[in-house]
Amino acid sequence: MSDCIFCKILAKDIPTQVLYEDDLVMAFPDVSPQAPEHILIIPKKHIPSLAEMSAADEAIMGRIVQVASALAKERGFSEGGYRLVANCGEQAGQSVFHIHFHLLGGRGFEWPPG
């Protein structure tokens, strides 16, 4: 998608610090961090929202969760706990319409969020 910021990052048109990348997903720091550790994990396939996923996308979602767990361990905040968040739709706070998960850690979190 030519107007999707995450597709531009995947195409290397917008530079970022790549923390993880494989054939299915990419992870990089959020430009507006909401926690000491705030990483975005996105699929390489453009899927606008969780509501538009298909059964064929199961492997991508599993990889995202695996990558989140590995990054939390690698960066040293797994034991203290972390949050993995995906917003679906405008009312839920989704502002970029390319599925993405926020991996947040390094501080305590309140419940319920927002």
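None of the values given here were measured: they were computed from a predicted structure.
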Verify, without hydrogens or angle tests, whether [X] (side chain) and [Y] (backbone) share a donor-acceptor contact under 3.5 angstrom.
X   : Y   : value
Q17 : L19 : no
Q94 : P48 : yes
Q34 : S32 : yes

Test side-chain contact (heavy atoms from CB on, under 4.5 Å) applied to Y82 and L103, step by step: CA-CA 7 Å; Y82 58 90; L103 173 60; 3.3 Å; yes
Residues G106 and P36: closest non-hydrogen pair is O-CG, 3.4 Å
Does the side chain of [X] reach to within under 4.5 Å of the side chain of [Y], using non-hydrogen atoms?
X    : Y   : result
C4   : H46 : yes
H102 : D30 : yes
M61  : L50 : yes

F101 and its side chain to side chain contact (heavy atoms under 4.5 Å, CB included) partner, picked from L40, N87, I39, L84: L84
Could you pull out all donor-acceptor pairs under 3.5 Å where a side-chain atom in residues 66-79 meets a protein atom, sequence neighbours excluded?
residue, atom, partner, partner atom, Å
R75, NE, E37, OE1, 2.8
R75, NH2, E37, OE1, 3.3

If you group Ile, Leu, Val, Met, Phe, Trp and Tyr by side-chain heavy-atom gaps below 4.5 Å, do [X] and [Y] land in one group?
X   : Y   : answer
I99 : I9  : no
L24 : I41 : yes
V18 : I5  : yes

Fellow cluster residues of L104, listed by chain then number, with links counted only when side-chain atoms sit under 4.5 Å apart: V85, F109
Calculate, to the nearest 0.5 Å, the distance between atoms NZ and OG1 belonging to K8 and T16 respectively. 15.0 Å
Interatomic distance, M53 atom CE to I60 atom CD1 [nearest 0.5 angstrom]: 8.0 Å
Keeping to residues at least two apart or across chains, list the ring-ring contact (aromatic ring centres under 6.0 Å, His included) pairs with something in residues 6-25. F6-F28, F6-H98, F6-H100
Test salt bridge (Lys or Arg N to Asp or Glu O under 4.0 Å) applied to D22 - qualifying residues, sequence neighbours left out: R63
By salt bridge (Lys or Arg N to Asp or Glu O under 4.0 Å), which residues pair with D57, not counting sequence neighbours? K45
Pairwise salt bridge (Lys or Arg N to Asp or Glu O under 4.0 Å) hits with a residue in residues 80-90, at least two apart: none
